[in-house]
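Before any comments, here is the structure.
When a ligand or atom number is given, it counts from 1 through the structure's own listing order.
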Amino acid sequence: MSSASKLRGKKILLGVTGCIAAYKACNLVRDLIKAGAEVRVILTPSALSFVTPLTLSTLSKNKVIVDVLPKSQGGDYEASPWHIEYGIWADIMLVAPASINTVAKITHGFADNALTTLVTALRSPLLVCPAADLDMYQYSVTQENLNTLRKRGVYVLEAETGELASGLSGIGRFPENGKIIDAVYTILRGNKLDLEGKKVLVTAGPTYEDIDPVRYLGNRSSGKMGFEIAKAAYLRGASVTLISGPSNQTAYPEIKRINVRSAAQMKNAVESEIADNEVLIMSAAVADFTPKAASTQKIKKGGTAPVIELDFTEDILSSLSKTGKFVVGFALETENEVENASKKLERKRLDLIVLNSLNEAGAGFENDTNAITILDKSGEKIRHNLSSKSEIAHIILDRIAVLD
Ligand code: CTP
């Protein structure tokens with residue numbers, strides 16, 4: 001499954017409210033549709049000051065609802081229980097952006113416009129993405145309302161910290177569309193905050209071992225798998241630290257990211273972070289060899305070609321003290337896959353090992369998809385067929401979510 005089909009066939013209600021981030025809902029509609037969803041939009045009356053129904057109806061290819069009650073047609077009214085039909089139709093409803101006013105109304109059960117009325121008739125999960133200027137966002141009543149919604153099982157995607165429309169800087173920014181789509185995927189998968197309270201350390205990407213100031217030994221890992229694990233763990237409520245080798249992937253701003261380059265730097269970072277975490281997911285493709293001595297100057301050509309002498313790097317997982325931690329390793333194999341992975345599980349004293357095969361089309365390095373087998377200490381082996389790396393990330397986290 002590619003990211004283009006992440007929400008294939010899903011029926012999404014998008015409620016848009018009156019705040020400046022409403023203009024971002026236009027692109028959100030496009031991205032939800034690109035991800036395969038069908039989208040119906042509902043606007044609050046004050047959203048009309050920021051976006052037009054025509055824009056959203058053109059983008060969503062569906063009519064846009066603004067009024068709860070039918071308009072008079074020459075004095076006659078036609079009954080239109082649209083909110084009941086919509087409430088049953090949807091797989092999920094998003095209120096994005098959710099203004100402070102709409103958050104308050106939803107919390108207290110108001111049904112005074114089309115959007116709030118629909119929420120009361122909704123049978124599917126509700127995702128609220130509040131956005132506001134920092135003082136409004138942090139206002140104690142707003143925070144109490146958001147907490148009440150959370151306690152009721154509403155998924156609240158916290159606003160981000162950064163530059164705000166007012167020119168101030170702080171919490172209140174509307175999240176990126178990719179993160180909202182990932183949250184929708186997570187909720188539709190049946191996971192809400194099942195990792196809440198867990199502290200998860202993830203490693204990702206390759207490591208680079210320098211030969212001289214210009215050249216290095218590296219590998220083909222893109223970091224995608226580890227970044228997907230970190231993002232999915234965050235959306236499921238974990239507090240996440242991501243140690244990444246050189247990678248052009250992006251995580252969410254709420255994920256603590258530590259960038260490293262070499263295997264030795266990754267080892268140091270893991271050693272200093274492990275104590276603060278209960279789970280380690282070591283998905284990085286750590287280099288096994290490093291030049292004995294990196295040249296401080298660029299090695300010039302001419303004469304005989306240089307011979308680069310290599311040393312083994314230290315094995316991070318084997319050398320780490322893991323007492324009381326739940327540790328997941330990865331195994332990348334090209335032959336005797338299950339046998340080699342199960343030996344690694346034992347040798348590195350792991351709780352789980354995720355076997356990646358390089359022999360399967362669409363799996364492994366640089367792809368958006370992966371196929372894995374998860375082996376555990378009891379000898380159980382479960383194969384998971386080719387799926388998006390995001391789904392594979394969730395499958396791995398399902399094993400963490402059931403831990404006490
Ligand atoms: N790993 C590690 N430290 C290293 C090398 C690998 O902690 N110096 C970790 C990887 O992050 C992964 C697991 O060990 O979780 C297995 O990595 P893999 O490359 O498959 O195996 P190696 O132990 O390097 O053995 P080989 O390359 O011989 O298969």
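Looking only at distances, no side-chain donor or acceptor of S57 sits under 3.5 Å from a matching main-chain atom of V64.
Annotation: side-chain contact (heavy atoms from CB on, under 4.5 Å) contacts of Q249 (sequence neighbours excluded): K224, F227, S247. Take Y216 and apply the ring pair (Phe, Tyr, Trp, His ring centres under 6.0 Å) test, not counting sequence neighbours, and it matches Y208. Remark: E196 engages L193 in a side-chain contact (heavy atoms from CB on, under 4.5 Å) (not counting sequence neighbours).
For T148 and N145, the side-chain atoms include no donor-acceptor pair closer than 3.5 Å.
Residue-level contacts of ligand 1 at the 4.0 Å heavy-atom threshold are M282, A284, V286, A287, D288, T313, E314, D315, I316, L317, G329, F330, A331, L332, K344, K348.
Taking the six-membered ring for Trp and the full ring otherwise, the centers of F50 and Y23 sit at least 6.0 Å from each other.
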